[in-house]
There are 2 protein chains.
Amino acid sequence: MTKQVHTTEESTKVFKALADPIRLEIIRYLNKLDHEVSCGEVGQAMAISKTSGSYHFKILQEAGLITAHKVAREKYVALDRSTFDQYLTHFWQNL
Amino acid sequence: MTKQVHTTEESTKVFKALADPIRLEIIRYLNKLDHEVSCGEVGQAMAISKTSGSYHFKILQEAGLITAHKVAREKYVALDRSTFDQYLTHFWQNL
DNA sequence: TAAATAGTTCAAAATAATTTGAACTATTTT
DNA sequence: AAAATAGTTCAAATTATTTTGAACTATTTA
């Protein structure tokens, strides 16, 4: 309902975050499960190093595509569907 | 109506094409006008060199985000909205 | 308390994307 | 036919992104 228009910089950050095969797979994985998952679990499923995982989760988080919160020593992530909706589903409205 | 599922490679190509400020501006420009425009006109509006323009139009074209056809010595481009619909508007359906 | 686990940070190396200018093709104008 | 125009191609230079491993923090388990 709220009018959302994006700056080129904001949009670029989101599309850059989506423009990588590993991150796209992470998104597919999180979408399939549709609940919070630890970074470790996702990383294992993607067969990437924890350093690489940490990097990719940071990119996704800074783009607002995932939310994250720590529980003890684990970090749980989930898709932030509102961001996908704003930038993708409602692309033309917010362009 | 037709079921469209995308490979990671295809999606990556589209999102990479969207992940650049100049190309996003080109898309905004083409969307606003909503008709075929010559590459030269777009390039001037974006204030970029013709070489740079040629590069960016190639990226957009290879991603399927624009269609192009030559008339005499000019190349006319327009948005291919079906690609935007598949990859953006219907992101979750085709993920 | 020592060892293990989950994740981050850093800098260096590797890889990929973008810009630039010169040379080019094709078409149109003078 | 010469000059101008629209766009492409190429290779080199620049800039940005990604990967890697080592060192680190914080938490949990043995």
Side-chain angles (χ1 to χ4, degrees), chain A residues 7-30 33 35-79, chain B residues 7-30 33 35-79:
Chain A
T7 65
T8 299
E9 194 178 311
E10 291 168 333
S11 301
T12 298
K13 181 170 271 192
V14 170
F15 290 122
K16 273 184 194 302
L18 293 166
D20 176 90
I22 290 178
R23 294 194 292 269
L24 234 24
E25 290 298 348
I26 291 174
I27 290 165
R28 282 209 182 87
Y29 186 82
L30 294 177
L33 296 191
H35 63 255
E36 288 201 329
V37 192
S38 74
C39 289
E41 173 180 337
V42 183
Q44 269 187 257
M46 305 295 118
I48 56 178
S49 70
K50 61 186 182 167
T51 311
S52 171
S54 191
Y55 169 70
H56 288 296
F57 288 119
K58 193 175 104 194
I59 299 285
L60 289 169
Q61 209 173 335
E62 288 178 347
L65 292 170
I66 62 173
T67 57
H69 76 277
K70 269 210 149 181
V71 172
R73 64 186 170 188
E74 296 180 288
K75 182 182 182 178
Y76 288 90
V77 294
L79 296 180
Chain B
T7 65
T8 298
E9 194 177 310
E10 290 170 333
S11 301
T12 298
K13 180 169 269 191
V14 169
F15 290 121
K16 273 187 196 298
L18 293 166
D20 177 271
I22 291 178
R23 291 192 294 268
L24 234 24
E25 290 299 347
I26 291 173
I27 289 165
R28 282 209 184 86
Y29 186 82
L30 294 177
L33 296 191
H35 64 255
E36 290 200 329
V37 192
S38 74
C39 289
E41 173 181 337
V42 183
Q44 269 187 258
M46 307 294 120
I48 56 178
S49 70
K50 62 184 181 167
T51 312
S52 171
S54 190
Y55 170 71
H56 288 296
F57 288 119
K58 192 175 104 191
I59 299 284
L60 289 169
Q61 209 174 335
E62 289 179 347
L65 292 170
I66 62 173
T67 57
H69 76 276
K70 269 211 148 178
V71 172
R73 63 185 170 187
E74 297 180 287
K75 182 183 181 176
Y76 286 91
V77 294
L79 296 180

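These values consider heavy atoms only, across backbone and side chains, with no hydrogens, waters or symmetry-generated copies. Here is the naming used below: chain letters follow the sequence lines, and residue numbers restart at 1 for every chain. It should be emphasised that the depicted structure is a prediction, and the values quoted were computed from it without experimental measurement.
- The CD1 atom of A:I59 lies 11.5 Å from the CG atom of A:L18; values are rounded to the nearest 0.5 Å.
- Not a single donor-acceptor pair under 3.5 Å links the side chain of A:E41 to the backbone N or O of A:S38.
- Within 4.0 Å of A:K75, counting heavy atoms only, lie sugar-phosphate atoms of the nucleic acid but no base atom.
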Grab the N/O contacts between the protein and nucleotides 1-4 of chain D below 3.5 Å, and write none if there aren't any.
none

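- Comparing A:K70 and A:K16 by the nucleotide of DNA chain C that holds the closest heavy atom to each, the one mapping nearer the 5' end is A:K70.
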**OP:** Go through the steps for A:E25 and A:R28 under the test salt bridge (Lys or Arg N to Asp or Glu O under 4.0 Å), then give the verdict.
**Re:** CA-CA 5 Å; A:E25 290 298 348; A:R28 282 209 182 87; 3.3 Å; yes
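- The residue B:S49 sits apart from the nucleic acid: no heavy atom pair falls under 4.0 Å.
- Residue contacts for A:K58: at a heavy-atom cut-off of 4.0 Å it reaches no nucleic acid atom on any strand shown.
- Note: B:H56 NE2 to B:D20 CG = 5.0 Å, rounded to the nearest 0.5 Å.
- Inter-residue side-chain proximity for B:K13 and B:E9 is flagged as unmet; no heavy-atom pair is nearer than 4.5 Å.
- Only one option out of B:E36, B:K75, B:E74 pairs with B:H69 in a side-chain hydrogen bond (donor to acceptor under 3.5 Å, both in side chains); it is B:E36.
- Rounded to whole angstrom, the span from the OH atom of A:Y55 across to the C1' atom of D:dT19 amounts to 9 Å.
- For A:R23 and A:V71, each mapped to the nucleotide of DNA chain D holding its nearest heavy atom, the one lying further toward the 5' end belongs to A:R23.
- Within 4.0 Å (heavy atoms only), B:I22 reaches sugar-phosphate atoms of the nucleic acid but no base atom.
- Closest approach of A:S11 and B:L24 over heavy atoms only: CB-CD2, 3.7 Å.
- Summarising the geometry, atom CD1 belonging to B:I66 is positioned 5.0 Å from atom CG belonging to B:L60; distances are rounded to the nearest 0.5 Å.
- Put simply, CE on B:M46 and CZ on B:R23 are 13.5 Å apart, with the number rounded to the nearest 0.5 Å.
- The separation between A:I59 atom CD1 and D:dT19 atom P is 10 Å, rounded to whole Å.
- Along DNA chain C, the stretch of nucleotides lying under 4.0 Å from any heavy atom of chain B spans, 5' to 3', C:dA17 to C:dT28.
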